[in-house]
Structure formats: structure tokens, C-alpha cells
Amino acid sequence: MSFIKPDVLFSLVDCNNFYASCERVFSPKLERKAIVVLSNNDGCIVARSNEAKQMGLKMGEPAYQRKDFLKKNEVAIFSSNYALYGDMSERVMSTLAEFVPEMEIYSIDEAFLNLTSLVHPKPDKLALQLKEIVKKRTGIPVSIGMAPTKTLAKVANHLAKRSVENSGVFVLSSGSRIKEVLENFLVEDLWGIGLQYSKFLEKNGIKTALQLRNAPDHWLKKHLTVTGLRMKYELQGISCLPLEMAPPPKKGIGCSRTFREAVESEEGLREAISTFAARCGEKLRQQNSYSKVVTVFIRTSPFKKGYYCNCKVAELPTATNYSPDLIRYALKALEIIYKPNCRYKKAGVFVSDITTAGGVQGNLFERGERERPKKLMAALDAVNERMGRGTLFFAVQGIEGEWRLKQEKLSPCFTTKWKDLLIVRG
DNA sequence: TCTGGGGTCCTAGGACCC
DNA sequence: TCTGGGGTCCTAGGACCC
């Protein structure tokens with residue numbers, strides 16, 4: 001009997017091409033076919049199967065610019081189906097949680113694990129087993145990278161994905177192996193290095209992760225702030241980023257959308273803003289918190305001339321998560337920034353200055369009860385949870401606004417709607 | 001015609017106080 | 001000629017992530 005040695009403290013499990021893989025689970029005929037998933041309003045390409053990547057389709061490309069190419073190459077196209085992806089994510093995460101004592105859900109398709117308390121002779125064999133269980137239970141293929149720090153686990157995961165012979169698992173433990181890998185790892189592929197930093201680093205002769213690791217502390221701190229310094233230590237195998245098992249409450253919450261068609265009327269915007277504000281209330285209540293500041297923004301298309309963009313911050317007399325209050329203040333803010341004769345393309349509502357349930361400051365001038373609104377919201381949330389979001393809503397949100405989403409290629413909600421359940425014929 | 005959405009952390013600099 | 005100094009809090013903006 002032996003434990004996993006702590007020189008591979010962190011494992012990163014990452015679902016391969018997550019959205020595309022979710023669509024494929026329920027349409028086996030798409031196996032080995034090119035798939036793309038589009039952003040809201042079928043705007044940009046946000047996920048691609050390996051086959052689509054090989055065709056040269058890029059992340060973030062506007063779909064209309066590739067319309068002919070997609071058709072000619074018979075690429076399967078899907079609108080984003082967040083109900084499906086959210087549910088599939090939950091299945092993957094709960095499968096992992098069954099076998100792993102400590103994990104941090106990092107995003108919809110990634111989780112960091114700590115496997116050191118598990119009894120197993122070989123870490124790579126354990127990872128391989130996990131990978132197979134997830135695939136068998138959920139249909140989703142994952143890759144796993146193991147290393148002494150989170151940043152190195154990201155590197156290992158990157159390598160697990162890149163080469164077929166790694167079979168989706170890559171372990172990075174010994175110092176000499178780490179050095180060898182970092183020497184061939186582009187700095188722009190590091191977790192925490194985006195376009196701006198990679199341009200800057202390249203200008204200063206730093207092209208590989210090993211070169212970044214060798215850069216002087218003070219220079220890194222000066223130009224990449226403490227984040228850059230932390231990255232250096234993490235690449236040396238000194239862990240600076242702990243596993244966060246309980247997600248902290250959000251400090252800001254927002255809801256914004258690009259409209260299907262431009263909206264000119266104030267009434268149209270009022271519908272959209274009310275809907276976004278109500279959604280913010282829902283999210284606040286989900287994490288049991290209250291907000292004191294509501295920000296509303298509206299804007300026309302930045303790709304057209306006569307661009308107009310404005311926002312208004314409204315401070316509430318007391319912190320709240322009561323949707324009617326949030327809507328009221330948001331609409332007042334909208335009134336101030338609304339300018340007629342503009343073709344609005346996007347709008348949004350943000351709530352900030354968030355406190356948790358216990359921390360709400362009472363307002364001396366506040367009147368009326370606290371309990372009734374609370375019960376009302378609880379009832380509203382319960383119905384929408386059970387019957388689907390949008391079952392109960394406020395009249396001011398409207399019903400058929402031209403701003404609502406375009407989702408022409410939406411797949412059925414296989415896992416969350418009875419009517420969309422797959423029927424298997426014997 | 002058509003270009004996503006929702007977050008985090010860090011720093012510099014200004015306001016304000018004593 | 002010469003215009004204090006140090007601390008805290010807040011905000012805007014820039015970088016990053018998926």
C-alpha cells in the first residue's frame with residue numbers, strides 16, 4: 001500500500017472541447033464530425049471539436065464570416081444550450097467528487113483535485129481510471145494533468161491534450177523533467193499570460209516558460225505585478241495558489257445581452273433592463289446576499305458610426321435582493337441615460353457593494369415589513385426552479401421583445417426537460 | 001443584415017484626515 | 001528659489017480567466 005506522493009499535489013481535470021462534446025453525447029452520429037457551438041445570438045464560434053479546429057476554424061470568429069465555409073464542409077452548428085452544458089457539468093463534477101476527497105470546481109469544465117490522501121501506487125494510473133469513469137458515466141472525454149503546483153498542473157494538462165500518445169494524462173513531477181518541459185513551452189500558453197503580457201515579454205526576449213522562470217524577481221514584480229512573481233514561484237514548484245474548496249461569494253453580479261435586433265424605443269429597453277435586474281436579484285438570492293448599488297448600461301453597435309454608450313450608477317437606500325426594488329432603481333437609472341433615435345444593440349445591469357445576509361445595514365427611514373417580500377421571492381424562485389426559468393416573471397419584463405435571443409440551432413434540453421427526453425427505440 | 005457573457009485580481013492616483 | 005508627511009480609503013482602468 002502506498003499513497004500518492006505530495007510531489008504531485010495538484011491535478012487539473014479539463015473536459016475536452018466541452019460544449020461540443022456535450023452536443024456529441026446526445027448525437028452519436030456526430031462522432032468524428034466537425035462541430036462548432038456559437039455564442040449567444042449565434043454570434044461567434046465559442047467551442048470547436050478537434051475536427052473543426054483542424055479545419056482552421058478559430059475561437060471567437062464571427063459565425064457570419066464563416067457561413068459558407070461551415071456549410072461547404074458540413075460542419076454541425078449549434079446555438080449555446082446552457083441548460084444542457086450546466087447539467088452535464090454537474091454530472092462530471094459529482095462523478096469526480098465521489099472518488100476525490102478534495103476538489104475545487106474552477107469553471108464549468110475544469111476542476112483542480114488533490115489526490116495525495118488517496119492510496120495508489122501510481123498517480124498516472126489513477127488519473128487514467130478517473131478519466132475512464134467520467135467518460136463511461138457521462139460520455140464526456142477529459143484530460144488530466146498532475147504536478148506540484150496549480151500552474152504546473154495547467155502546463156501538464158496542456159501537454160495531456162496535445163499529444164495522442166499521452167492518452168489524455170500527463171504527470172509532471174521531477175525537477176529535471178519540469179525544466180525540460182518548460183524549455184519547450186511557449187510563454188503565451190501559460191495560465192495567466194494573455195495577449196498583452198505575451199507581447200511585452202516577447203519584446204523583452206522572453207519566449208519560453210523557462211525564460212520567465214529565470215527572470216529576476218524585481219523585474220517581474222515591476223512589469224507583471226505580484227501575479228507575475230507568483231507565476232515564477234509556481235513554475236519552480238513552490239505552490240502559491242491553494243485549492244479553494246468552497247467558492248467565495250461573488251463581489252459583483254451582472255446580467256447583460258446583445259440584442260437579436262436593435263432596439264430604439266424606451267419601452268423595449270425597459271423590458272430588457274427589467275429582465276436583467278430580475279435576473280440579478282435571482283443570483284443575489286442564490287448566494288444569500290444583498291446589494292446596495294445598481295449600475296445600468298446601454299449602448300449601440302460599436303461597429304457602426306454614431307456610437308453611443310452610457311451608464312448610470314444608482315445607490316439604494318438599503319441593501320436588497322428584492323427584485324421589484326432592483327427593477328425600480330434600474331429603470332430610474334435607464335430614464336436618465338436613454339437617448340431617443342439610437343439603435344441600441346446591447347444593455348446590462350450590474351449589482352455591487354454586496355453584503356451577506358447577516359451584514360445588511362438597516363435604514364432608519366425604511367418602512368414596511370421585511371418578511372413578506374422575502375417570502376414572495378422565495379415562492380417566485382421555487383416556481384421558476386421547478387418549472388423552468390421565466391415561468392413566473394414581472395409584467396414590465398414583457399413577453400416577445402425584439403431584444404430576445406436568437407438561437408436558431410438550439411439542441412433539445414435532453415437532460416432538463418421532459419419533452420426533450422431522448423426516445424430509444426428497441 | 002450578422003461581432004458573447006460573466007467574473008477575478010492588482011495598481012496608481014486622488015481625496016481626505018491628522 | 002523654497003510650498004510637509006504619512007496613513008487610509010476609494011475608484012478607474014488594465015490585465016487576466018473560462
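Keep in mind that the numbers below use all heavy atoms, side chains included, and drop hydrogens, waters and symmetry copies. Computed from a predicted structure; not experimentally measured.
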Residues in side-chain contact (heavy atoms from CB on, under 4.5 Å) with S39(A), at least two apart?
C44(A), V46(A)
Report the residues that fulfil side-chain contact (heavy atoms from CB on, under 4.5 Å) with S352(A), sequence neighbours left out, ordered by chain and then residue number.
V293(A)
Does K72(A) make a cation-pi contact with F69(A) (under 6.0 Å, within 45 degrees of the axis)?
no
Paired stems touching DNA chain C, three or more consecutive Watson-Crick or G-U pairs with both distances under 3.5 Å?
B:5-18 with C:5-18
Hey, can you pull the residues of residues 184-196 of chain A with a non-hydrogen atom under 4.0 angstrom from DNA chain C?
L190(A), W191(A), G192(A), I193(A), G194(A), L195(A), Q196(A)
Would you mind listing every side-chain hydrogen bond (donor to acceptor under 3.5 Å, both in side chains) that reaches into residues 236-258 of chain A, with sequence neighbours excluded?
none
Below the 4.0 Å mark, does dC17(C) have OP1 or OP2 next to a side-chain nitrogen or oxygen of K154(A)?
no
Tell me what K222(A) touches on the nucleic acid: a base, only sugar-phosphate, or nothing, going by heavy atoms under 4.0 Å.
nothing
Can you list, pair by pair, the side-chain donor-acceptor contacts under 3.5 Å of residues 179-191 of chain A, counting residues two or more places apart and other chains?
residue, atom, partner, partner atom, Å
E180(A), OE2, R177(A), NH1, 3.2
N184(A), ND2, E180(A), O, 3.1
W191(A), NE1, Y106(A), OH, 3.3

Checking all strands, does K199(A) fall into the base, sugar-phosphate, or nothing category for heavy-atom contacts under 4.0 angstrom?
nothing
Counting only non-hydrogen atoms, which of residues 62-88 of chain A are less than 4.0 Å from DNA chain B?
P62(A), Y64(A)
Please state whether the phosphate of dT3(B), meaning OP1 or OP2, lies under 4.0 angstrom from any side-chain nitrogen or oxygen of S39(A).
no
Just to verify, what does R404(A) make a salt bridge (charged side-chain N to carboxylate O under 4.0 Å, His left out) with, not counting sequence neighbours?
none
Can you tell me how the ring of H223(A) sits relative to the ring of W219(A), calling it parallel under 30°, perpendicular over 60° and tilted otherwise?
tilted
K345(A) vs dT3(B): side-chain N/O to OP1/OP2 distance below 4.0 Å:
yes
Which residue pairs pass the side-chain hydrogen bond (donor to acceptor under 3.5 Å, both in side chains) test with at least one member in residues 55-66 of chain A, sequence neighbours excluded?
E61(A)-R66(A)
Once you apply a heavy-atom cut-off of 4.0 Å, does L224(A) come out as touching a base, just sugar-phosphate, or nothing?
nothing
On the 0 to 90° scale, with breaks at 30° and 60°, tag the W403(A)-F276(A) ring pair as parallel, tilted or perpendicular.
perpendicular
Give, ordered by number, those residues of residues 400-414 of chain A having at least one heavy-atom distance below 4.0 Å to an atom of DNA chain B; if nothing qualifies, reply none.
none
Given dT8(B), dC18(C), dG5(B), identify the nucleotide with an atom nearest to the side chain of S256(A).
dG5(B)
Close N/O contacts between protein and nucleotides 9-13 of chain B (under 3.5 Å):
residue, atom, partner, partner atom, Å
dC9(B), OP2, K251(A), NZ, 3.0
dC10(B), OP1, R230(A), NH1, 3.4
dC10(B), OP1, R230(A), NH2, 2.8

Within residues 40-48 of chain A, residues whose heavy atoms come under 4.0 Å of DNA chain C:
none
